[in-house]
Amino acid sequence: MTESTALQSEHRTVLLRGGDVHSPADPFATAMVVDRGHVAWVGSEGAADAFAGGVDEVIDLEGALVTPAFTDSHVHTTSTGLALTGLDLSGARTLAETLGLVRAYANGHAAQRVVLGHGWDATRWPEQRPPSRAELDEAAGGRPVYLPRVDVHSAVVTTALLDLVPGVTTLPGYHPDGPLTGAAHHAVRSAAHGAVTPLQRADAQRAALAHAASLGIGTVHECAGPDISDEEDFTGLLKLAAEQPGPRVFGYWAERIADGKGARRIRELGAVGAAGDLFVDGSLGSHTAFLQEPYADAPHSGTAHLDAAQIAAHVTACTEAGLQAGFHAIGDAAVHAVVAGVRAASETLGLARVRAARHRVEHAEMLTPETIAAFAELGLTASVQPAFDAAWGGPEGMYARRLGAERAATLNPYAALLRAGVPLAFGSDSPVTPPDPWGTVRAAAFHRTPEHRVSVRAGFTAHTRGGWRAVGRDDAGVLVPGAPADYAVWRTGELVVQAPDDRVSRWSTDPRSGTPGLPDLTPGAELPVCLRTVVLGRTVYVRPNE
């Protein structure tokens, strides 16, 4: 691709030509004009000649594909940056290897007050257990260490970190020699993150946003809250994102509100909603997701943090204030509580008002036909993470160990949600799973449970336009005249149409269908490479040496 010598600004007029432009305005488009940060025109190569003389810049795509930029609808930005720049345990294959990585990192970073790591998953180790406190104390040489499990709903810590949190041993979720959960986990996480300096935090945020831009992500939804981060982290991120070129950040602050005063405080923080990870339950991996029946590998049903009455009160207050509400709910009992609470709010306020607010549910993994129908009825957006199924689904995966194969096979039913008319927004929950837009679409299209698969086109829409709709915007996430010029340029192979039903694929490939193609995401095929990412007409990433 021919490289521009200067960054685009939102006030310049640019013609991109000589490639493929993914647009419903013209399924065979090869060119696009961007003016003042918005798409001005999409069309054919021949028609592009009429624009060539009147623009500030012409970019020869050299056969590259242009698509809307992706939206990652669930991100923890600072934690993602700390994982990128700190101790990453996601590749550790054994308990011994994990302890070795901790030892090496602690020895090499003596200046850090607290060692922060991320990503361990004992279900992938032959030992099938997390490190003991004694093992971690020895590996860290007596240093304070905080190591959340991959799902970030439990953590192993050293004695030195516990010593920094008075009273932690009396909190719910404290275990003398096992991962901490619940309130005990939140307390040690707060202490660990409190040791991060403002400079470290800003560097981590920059690293996370730059990484997102390099993947063709133009927008992220930051899911913050008092049990996850703090207000300084949240407002600092929004300020940083507003001041530097990079992905847009829509911030959610997960704190319950009771009235208009609470809603004003959420808005004063800069949040677009009192939503995101407002926990109704925990996670399956940490045995804290709230289930209707006990776990297959534990004698309990998880943990409930909010009941239907509390959910109804929050949804009612948010709806009356014109504010979006939302919840983290994974287990079937947690999802049922959300449905019951939102329905109760709709009976008080009227269904139309609740639907218009576009409240959202994060993760929503254990759904039934009844709760799927309720999502559609109540206008709830399902903000979901297909990479979870790729990582933990299937008959041998963590889900099957936690729930048994029969229950595990019901998880993440994306096809049923789409058939019911439930809006989908795709995300990563990074750093739980890494940002990987095309990999996320692949995971949905090639779900480990075949009946839950969706077409690549549907998955792509959920990861682009779906993210914008999840924040109440219907005018973005698609390349049509008038839309914000948020787009990515990709080097990729032949464009195809992939759907779970081969008859649909054959029909859609027929030129008469007017269905624009997308990259081949068959498992094993090489994923597209991002060459450039543009947000509101401004280039925020260019691949080196392109």
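Remember, predicted model here, so these are calculated numbers, not experimental data.
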Inset, instruction - Give a yes or no answer on whether the side chain of W120 reaches the backbone of L147 with a donor-acceptor pair at less than 3.5 Å. - result: yes

Inset, instruction - On the 0 to 90° scale, with breaks at 30° and 60°, tag the F388-W392 ring pair as parallel, tilted or perpendicular. - result: tilted

Inset, instruction - Show your working on side chain to side chain donor-acceptor pair (under 3.5 Å) between D233 and H193 and close with a plain yes or no. - result: CA-CA 10 Å; D233 180 274; H193 285 182; over 6 Å; no

Inset, instruction - For residues E494 and D520, determine if any side-chain heavy atom of one lies less than 4.5 Å from a side-chain heavy atom of the other. - result: no

Legend entry - H363/H328 aromatic ring centres below 6.0 Å: yes

Legend entry - Heavy-atom donor-acceptor pair, R407 side chain to L403 backbone, under 3.5 Å: yes

Legend entry - Electrostatic pair D297-R402, nearest N-O below 4.0 angstrom: yes

Legend entry - Close side-chain approach of R473 and V471, heavy atoms under 4.5 Å: yes

Inset, instruction - May I ask you to say whether D474 pairs ionically with R358, meaning some side-chain N is under 4.0 Å from a carboxylate O? - result: yes

Inset, instruction - Go through the steps for H305 and D227 under the test side chain to side chain donor-acceptor pair (under 3.5 Å), then give the verdict. - result: CA-CA 12 Å; H305 299 300; D227 289 334; over 6 Å; no

Inset, instruction - Would you check if V34 and Y487 make a side-chain contact, meaning some heavy-atom pair closer than 4.5 Å? - result: yes

Legend entry - Note: E451-R453 ion pair, threshold 4.0 Å (strictly below): no

Legend entry - Basic-acidic side-chain contact under 4.0 Å: R265, E255: yes

Legend entry - Test side-chain contact (heavy atoms from CB on, under 4.5 Å) applied to L518 and Q498, step by step: CA-CA 8 Å; L518 285 165; Q498 291 178 301; over 6 Å; no

Inset, instruction - Verify, without hydrogens or angle tests, whether W253 (side chain) and F234 (backbone) share a donor-acceptor contact under 3.5 angstrom. - result: no

Inset, instruction - Decide whether a cation-pi geometry holds between R401 and Y295; the criteria are a distance under 6.0 Å from NZ or CZ to the six-membered ring centre and an angle within 45° of the ring axis. - result: no

Inset, instruction - Determine yes or no for a side-chain-to-main-chain donor-acceptor pair under 3.5 angstrom, with D281 supplying the side chain and I330 the backbone. - result: yes

Inset, instruction - Evaluate the criterion side chain to side chain donor-acceptor pair (under 3.5 Å) for residue pair T433 and Q385; output intermediate values, then yes/no. - result: CA-CA 9 Å; T433 57; Q385 296 74 40; over 6 Å; no

Inset, instruction - Taking the side chain as every heavy atom from C-beta outward, state whether T533 and S214 have any atom pair closer than 4.5 Å. - result: no

Legend entry - Check: R149 side chain, A155 main-chain N or O, donor-acceptor pair, under 3.5 Å: no

Legend entry - Heavy-atom check, side chain of H447 versus side chain of N412, under 4.5 Å: yes

Legend entry - CA sep, side-chain torsions, deciding dist, call: R343, E377, salt bridge (charged side-chain N to carboxylate O under 4.0 Å, His left out): CA-CA 9 Å; R343 179 169 284 128; E377 174 197 355; 2.7 Å; yes

Inset, instruction - Taking all non-hydrogen atoms of both residues into account, name the closest pair between V480 and P24 and its distance. - result: CG1-CG, 3.7 Å

Legend entry - Partner of Y252 under side-chain hydrogen bond (donor to acceptor under 3.5 Å, both in side chains), chosen from R360, E222, E362: R360

Legend entry - Where A400 and P395 come nearest, the two heavy atoms and their spacing: CB-O, 3.4 Å

Inset, instruction - Answer yes or no: is there a donor N or O on one side and an acceptor on the other, between the side chain of H221 and the main chain of G251, under 3.5 Å? - result: no

Inset, instruction - Return the minimal non-hydrogen interatomic distance between A204 and L82, and the atom names on each side. - result: CB-N, 3.7 Å

Inset, instruction - For T316 and A312, indicate whether the former's side chain and the latter's backbone hold a donor-acceptor pair under 3.5 Å. - result: yes

Inset, instruction - Any chance you could lay out the side chain to side chain donor-acceptor pair (under 3.5 Å) test for Q205 and T78, step after step, and finish with the verdict? - result: CA-CA 5 Å; Q205 292 169 348; T78 303; 3.1 Å; yes

Inset, instruction - Compare all side-chain heavy atoms of V478 with those of T464 and state whether any distance is below 4.5 angstrom. - result: no

Legend entry - Output field: ring centroids H452/Y414 closer than 6.0 Å: no

Inset, instruction - For the residue pair D486 and V534, establish whether any side-chain heavy-atom pair is separated by less than 4.5 Å. - result: no

Inset, instruction - Could you tell me whether the side chain of P437 reaches within less than 4.5 Å of the side chain of F426, counting heavy atoms only? - result: no

Inset, instruction - Check for a donor-acceptor pair, side chain of R256 on one end and backbone N or O of Q310 on the other, with a separation under 3.5 Å. - result: no

Legend entry - Near-ring test H314/F327, centroid separation under 6.0 angstrom: yes

